[in-house]
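Step one of this worksheet: look at the structure below.
Bear in mind that the values here come from a model prediction, so they are computed numbers and not experimental data.
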Amino acid sequence: MRKKLWIILTTILLILLLSIVLPDMIPVTEQLAPPASFTEVTAEQAITEEEYAELFLQTGLGQAAVKELKGQPDTFSAELERFRDQMAESKAHESLFLFFPTTKAEVLVKENGDLESLRLPPLKPGDILLTKSTRTLFFRHGHAALVVNEEGDTIESFMLGVPSAMLSAENMMHYSTLMLLRPKEEYKAVIPAALEFAREHLVGLPYNLFTGIVRKDKKTKGVDSTHCSHLVWQAYYSAGLDLDADGGWLVTPHDLSKSPYLDLVFSYGFGEEADW
């Protein structure tokens with residue numbers, strides 16, 4: 001009996017160890033190779049769809065970000081150059097425990113071991129930050145955050161045992177993959193209502209990964225728990241915009257990344273197609 005119990009425990013520990021170590025061997029960051037030449041554009045000229053696509057590969061900036069930078073003609077070229085440099089630079093990253101021994105995150109690090117932050121376009125209230133750099137054992141769930149002001153404050157439901165809270169976008173900028181999304185122009189009118197709901201009803205809630213499996217929308221009876229992507233989804237759903245791309249019971253960061261109602265503002269580490 002003791003021998004069987006020992007075999008079972010050893011097997012469980014081995015599986016746990018493998019689930020911690022093996023995913024670290026699979027690259028998650030799809031960093032683009034620097035192009036042989038850069039697309040030269042000015043703030044004054046009309047930019048074609050082909051040039052926007054080329055600029056994205058060179059800088060990680062979506063059309064929405066480039067158009068916003070064009071509104072500052074004196075700094076337009078310099079800003080593009082900074083994002084090109086960031087995209088071309090080979091960045092080191094390492095895997096750190098968020099919750100020992102099951103949950104880890106891949107973060108960018110400098111040569112001295114300090115965390116490195118990505119440069120982002122100016123953040124706006126209602127923006128959504130996504131990463132696929134967090135996982136629990138073999139499940140790469142990622143993380144999502146809702147930006148509530150131009151200073152970069154966010155509302156996030158971070159992890160088990162930690163209630164949702166006001167945090168800083170700076171925490172997201174350390175991840176080895178990062179996507180910045182924004183409601184398309186025709187849907188921006190819902191942002192104030194979404195943020196008001198988030199501030200009033202989605203702060204201080206316990207983390208619950210299973211929120212949404214039985215009933216995703218709890219707004220009529222009060223939201224009593226949440227998780228990262230549910231928090232973002234619930235805020236916008238309360239304002240009339242459903243960001244869950246597949247309409248399933250459980251909304252994930254991946255589902256948010258596929259929403260047809262959002263513009264891609266910036267992408268790093270998601271490859272040429274900014275695909276998850």
Side-chain angles (χ1 to χ4, degrees), residues 12-13 15-24 26 28 95-107 127-148 154-169 171-172 174-179 181 194 197-238 241-259 262 269-270 276:
I12 292 174
L13 288 174
I15 293 173
L16 179 61
L17 180 62
L18 289 174
S19 67
I20 293 172
V21 174
L22 287 181
D24 286 342
I26 303 173
V28 63
S95 184
L96 302 177
F97 279 107
L98 296 177
F99 187 82
F100 184 83
T102 57
T103 304
K104 303 187 78 175
E106 290 88 18
V107 295
D127 283 356
I128 298 167
L129 290 166
L130 302 178
T131 181
K132 62 177 179 178
S133 295
T134 59
R135 64 174 177 82
T136 298
L137 300 180
F138 285 111
F139 177 37
R140 187 165 292 284
H141 41 73
H143 184 54
L146 178 64
V147 179
V148 296
T154 61
I155 297 179
E156 300 178 45
S157 182
F158 187 58
M159 63 189 303
L160 185 67
V162 180
S164 57
M166 292 280 290
L167 299 173
S168 170
N171 299 321
M172 296 287 291
H174 301 311
Y175 288 121
S176 62
T177 62
L178 191 59
M179 187 180 293
L181 302 173
F197 186 91
R199 291 190 183 97
E200 292 183 3
H201 302 286
L202 299 177
V203 176
L205 299 180
Y207 184 96
N208 182 358
L209 180 60
F210 300 104
T211 298
I213 290 182
V214 177
R215 184 161 182 255
K216 185 167 62 177
D217 174 28
K218 292 181 163 186
K219 69 175 183 177
T220 56
K221 293 186 177 180
V223 185
D224 53 12
S225 65
T226 191
H227 55 78
C228 66
S229 47
H230 174 269
L231 186 153
V232 174
W233 173 86
Q234 183 73 72
Y236 274 102
Y237 190 75
S238 71
L241 193 63
D242 188 349
L243 299 182
D244 185 3
D246 66 7
W249 285 352
L250 182 66
V251 60
T252 65
H254 176 268
D255 295 332
L256 297 176
S257 75
K258 299 293 187 182
S259 173
L262 301 173
F270 282 88
W276 185 342

Closest approach of [X] and [Y], non-hydrogen atoms and distance?
| X | Y | value |
| --- | --- | --- |
| D246 | D244 | OD1-OD1, 2.9 Å |
| A145 | E156 | CB-CG, 3.3 Å |
| V251 | L256 | CG2-CD2, 4.1 Å |
| S157 | L231 | N-CD1, 3.9 Å |
| M159 | L98 | CE-O, 3.2 Å |
| C228 | G142 | SG-O, 4.3 Å |

Distance (rounded to the nearest 0.5 Å) between [X] [atom1] and [Y] [atom2]:
| X | Y | atom1 | atom2 | answer |
| --- | --- | --- | --- | --- |
| L205 | I155 | CG | CD1 | 10.0 Å |
| L130 | D255 | CG | CG | 10.5 Å |
| I128 | S259 | CD1 | OG | 7.5 Å |
| D127 | L146 | CG | CG | 9.0 Å |
| S238 | H201 | OG | NE2 | 8.0 Å |
| R135 | T102 | CZ | OG1 | 9.5 Å |

Is there side-chain contact between [X] and [Y], with at least one heavy-atom pair below 4.5 Å?
| X | Y | value |
| --- | --- | --- |
| Q234 | T226 | no |
| H141 | H227 | no |
| Y207 | V162 | no |
| P253 | W276 | yes |
| Y175 | T134 | yes |
| M172 | T154 | no |
| R140 | H254 | no |

Could you pull out all residues at least two apart from N171 that satisfy side-chain contact (heavy atoms from CB on, under 4.5 Å)?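 Result, side-chain contact (heavy atoms from CB on, under 4.5 Å) vs N171: L167, S168.
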
Passes side-chain hydrogen bond (donor to acceptor under 3.5 Å, both in side chains), S133 versus T177? Steps please. CA-CA 6 Å; S133 295; T177 62; 2.7 Å; yes

Step-by-step side-chain contact (heavy atoms from CB on, under 4.5 Å) determination, L160 to L209: CA-CA 8 Å; L160 185 67; L209 180 60; over 6 Å; no

For the residue pair Y237 and W233, does the interplanar ring angle fall in the parallel (under 30°), tilted (30 to 60°) or perpendicular (over 60°) class?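 Ring orientation of Y237 relative to W233: parallel.
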
